[in-house]
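Naming: A, B, ... by sequence-line order, numbering from 1 per chain.
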There are 2 protein chains.
Amino acid sequence: MERLPKRQRHQQLSRLIEENPFLTDRELTRLLKVSIQTIRLDRLELAIPELRERLKMMAERSYDSVRSLPLHEVIGDIVDLQLDKSGISLFEIRDEHVFSRTGIARGHHVFAQANSLAVAVINDEVALTASADIRFIRPARLGEKCIAKAYVRSSGSQKGKAKVEVFTYVGDEMVFQGNFVIYRSAGVTEAGGGEAHENRH
Amino acid sequence: MERLPKRQRHQQLSRLIEENPFLTDRELTRLLKVSIQTIRLDRLELAIPELRERLKMMAERSYDSVRSLPLHEVIGDIVDLQLDKSGISLFEIRDEHVFSRTGIARGHHVFAQANSLAVAVINDEVALTASADIRFIRPARLGEKCIAKAYVRSSGSQKGKAKVEVFTYVGDEMVFQGNFVIYRSAGVTEAGGGEAHENRH
DNA sequence: CCGGTCATTGGCACCAGGTATCAATATGAA
DNA sequence: TTCATATTGATACCTGGTGCCAATGACCGG
């Protein structure tokens with residue numbers, strides 16, 4: 001008995017299903033040239049669930065992520081907010097935020113947390129980022145919890161610009177620092193490429 | 001015959017399935033207090049596919065979006081790249097990039113395009129954003145095509161820092177401008193919060 | 001050569017969650 | 001009453017499986 005074929009087939013099976021989870025057992029028989037029973041035994045050994053379960057898992061995952069992705073709104077959980085004064089937000093670096101080769105968070109996520117907070121802390125109908133001066137002090141890595149603290153330095157409470165300083169820490173290490181200038185003016189649509197915010201109290 | 005109940009039920013059915021696509025017909029009978037045949041006639045009239053088809057569609061959608069989201073790698077299509085000199089990338093503002101209320105692109109996407117390009121244009125094993133000074137000149141809006149142009153100003157070809165200037169246009173209007181300082185050094189993991197890049201030629 | 005152990009295959013019953021179709025009943029309006 | 005529509009019931013069939021039992025093949029040690 002060639003013992004190899006089985007291990008090889010298992011590897012192939014895993015690979016096939018990983019790169020196309022929509023394959024039925026019947027389709028797999030054609031690809032691997034073994035009986036459907038063998039396919040099923042293999043799936044059993046490899047703990048690969050049946051097609052319908054795979055689809056369900058994918059659907060659930062995407063459903064959850066749609067529900068849990070305020071990625072398009074504010075990035076990071078804002079845990080404290082004193083309008084026109086200061087704010088704090090938390091953001092955990094997860095798989096989807098890092099560059100897989102190095103485990104280092106992509107810069108724009110760290111930036112986005114700070115930017116979201118800077119915009120949220122401004123007490124106006126619409127707030128847009130006008131400019132920013134940012135520094136990545138050290139890389140944030142997979143699993144780290146980033147704590148961003150924003151301080152409004154110059155509120156410009158009449159319509160105009162506000163300056164917001166943001167510091168992002170992992171533990172007591174600073175990973176990011178940024179100075180943001182935020183346009184504040186209801187209905188402004190001509191300047192600023194940032195986002196309006198939803199965090200009105 | 002109460003004609004309303006049917007329309008009402010149809011509305012309820014649509015709403016129920018929209019907010020929980022994982023419901024089987026049997027579960028729906030309990031929720032709507034009608035027979036399973038009625039549920040099936042209703043789905044037929046409303047063109048709501050069966051559970052398994054719904055799950056499959058969701059799985060396909062999420063699978064496609066995983067495939068088509070280079071969102072985690074380089075943002076924007078790099079159409080021209082002269083290492084250590086200059087580069088051009090294109091990025092179209094789509095639904096998922098804008099703040100729905102205003103149709104204005106979220107700042108971090110515009111930033112991310114520029115950041116990705118600044119990192120890509122640097123000819124080194126690993127390149128990380130160290131700092132940046134950015135300006136959002138005017139908002140980018142849904143449907144607009146952003147053209148980012150990067151110029152390496154000070155290459156620092158020995159290991160160290162490189163300065164990259166990026167201008168982003170929509171048509172001939174400038175929407176964004178940024179000065180990036182990029183760390184260049186193989187194996188550097190102590191500074192820079194940006195991303196290493198995949199665009200080696 | 002013989003038995004033992006895997007690996008592979010076949011066959012059958014069964015299941016969920018349906019589709020498709022036909023028939024029976026209820027209900028209300030003309 | 002009669003007709004149309006709505007609802008329900010019943011049955012056959014489908015896909016993509018699980019679970020179980022049995023038959024066959026291959027190889028190895030004694």
Side-chain angles (χ1 to χ4, degrees), chain A residues 1-69 95-96, chain B residues 1-69:
Chain A
M1 186 192 319
E2 312 156 32
R3 295 224 174 259
L4 283 185
K6 187 172 180 183
R7 289 191 183 280
Q8 279 182 7
R9 197 183 56 236
H10 279 191
Q11 286 190 338
Q12 281 185 35
L13 183 71
S14 303
R15 209 200 63 231
L16 281 169
I17 290 195
E18 188 168 0
E19 69 188 33
N20 182 4
F22 297 86
L23 291 169
T24 65
D25 287 359
R26 200 168 306 278
E27 289 169 324
L28 288 166
T29 59
R30 293 208 323 276
L31 295 171
L32 295 180
K33 321 277 189 197
V34 289
S35 74
I36 203 163
Q37 289 82 351
T38 303
I39 297 290
R40 287 171 180 168
L41 283 173
D42 287 353
R43 275 200 301 99
L44 204 68
E45 290 184 58
L46 295 171
I48 296 171
E50 62 169 297
L51 170 64
R52 286 162 176 170
E53 286 306 312
R54 296 197 299 269
L55 296 185
K56 194 175 174 186
M57 286 165 61
M58 294 174 69
E60 274 169 348
R61 208 168 38 112
S62 80
Y63 195 63
D64 289 352
S65 73
V66 166
R67 302 238 122 177
S68 72
L69 270 191
D95 269 348
E96 62 266 36
Chain B
M1 185 190 320
E2 312 155 33
R3 294 222 176 264
L4 284 184
K6 188 173 179 181
R7 289 190 183 282
Q8 279 182 6
R9 196 184 55 235
H10 279 191
Q11 286 190 339
Q12 282 185 35
L13 183 71
S14 302
R15 209 200 62 231
L16 281 170
I17 289 195
E18 188 167 359
E19 68 189 33
N20 183 4
F22 298 86
L23 291 169
T24 64
D25 288 358
R26 201 166 305 277
E27 289 168 325
L28 288 166
T29 58
R30 291 208 324 276
L31 295 171
L32 296 179
K33 320 277 190 198
V34 290
S35 75
I36 203 163
Q37 288 84 350
T38 304
I39 297 290
R40 286 169 182 170
L41 283 173
D42 286 354
R43 274 202 299 102
L44 204 68
E45 290 183 58
L46 295 170
I48 297 172
E50 62 169 296
L51 170 64
R52 286 160 176 173
E53 287 305 313
R54 296 197 300 269
L55 296 185
K56 194 175 174 186
M57 285 165 61
M58 293 173 69
E60 274 169 348
R61 209 166 39 107
S62 78
Y63 194 64
D64 288 353
S65 71
V66 166
R67 300 240 121 177
S68 70
L69 273 190

What's B:R26 touching, base or sugar-phosphate or nothing? Going by heavy atoms closer than 4.0 Å. nothing
Closest heavy-atom pair and its distance - A:A59, B:M58: O-CE, 3.6 Å
Heavy-atom donor-acceptor pair, A:Q11 side chain to A:Q8 backbone, under 3.5 Å: no
For A:R52, which residues count as a salt bridge (charged side-chain N to carboxylate O under 4.0 Å, His left out) partner, sequence neighbours excluded? none
Within this structure, what is the CG-to-P distance between B:L28 and C:dG17, rounded to whole angstrom? 12 Å
B:D25 has an atom CG; how far is it from atom P of C:dA16, in whole Å? 14 Å
Rounded distance (Å) that lies between atom C1' of D:dG16 and atom CD1 of A:I17: 13 Å
Residue-phosphate contact under 4.0 Å: A:R9 side-chain N/O, C:dT8 OP1/OP2: yes
At under 4.0 Å, does any side-chain N or O of A:T38 touch on OP1 or OP2 of C:dT9? yes
Gap separating the CG atom of A:L32 from the CG atom of A:L16, nearest 0.5 angstrom: 5.5 Å
Residue list, salt bridge (charged side-chain N to carboxylate O under 4.0 Å, His left out) with B:D42, at least two apart or on another chain: B:R9
Atom pair distance, as rounded to whole Å: CG in A:L55 and P in C:dG17: 14 Å
Looking at every non-hydrogen atom in both residues, tell me the closest pair between A:E60 and B:F22 and how far apart they are. CG-CE2, 3.5 Å
Just jot down the side chain to side chain donor-acceptor pair (under 3.5 Å) partners of B:R54, sequence neighbours excluded, or say none. none
Partner set under side chain to side chain donor-acceptor pair (under 3.5 Å) for A:E45, not counting sequence neighbours: A:K6
Within residues 42-52 of chain A, residues whose heavy atoms come under 4.0 Å of DNA chain D: A:R43, A:E50, A:L51, A:R52
What distance separates B:Q37 CD from B:T29 OG1, expressed to the nearest 0.5 Å? 10.0 Å
Within this structure, what is the CG-to-P distance between B:L23 and C:dA16, rounded to whole angstrom? 18 Å
Nearest whole Å is fine: how far is D:dT8 P from B:K33 NZ? 13 Å
Rounding to an integer number of Å, can you tell me how far A:L32 CG sits from C:dT9 C1'? 15 Å
Distances for protein N/O vs nucleotides 9-11 of chain D N/O pairs under 3.5 angstrom?
{"unit_1": "D:dG9", "atom_1": "N7", "unit_2": "B:Q37", "atom_2": "NE2", "d": "3.2"}

Out of C:dG18, C:dA7, D:dT8, whichever nucleotide has its closest atom nearest the side chain of B:V34: D:dT8
For atom NZ of A:K56 and atom C1' of C:dA16, their distance in whole Å: 11 Å
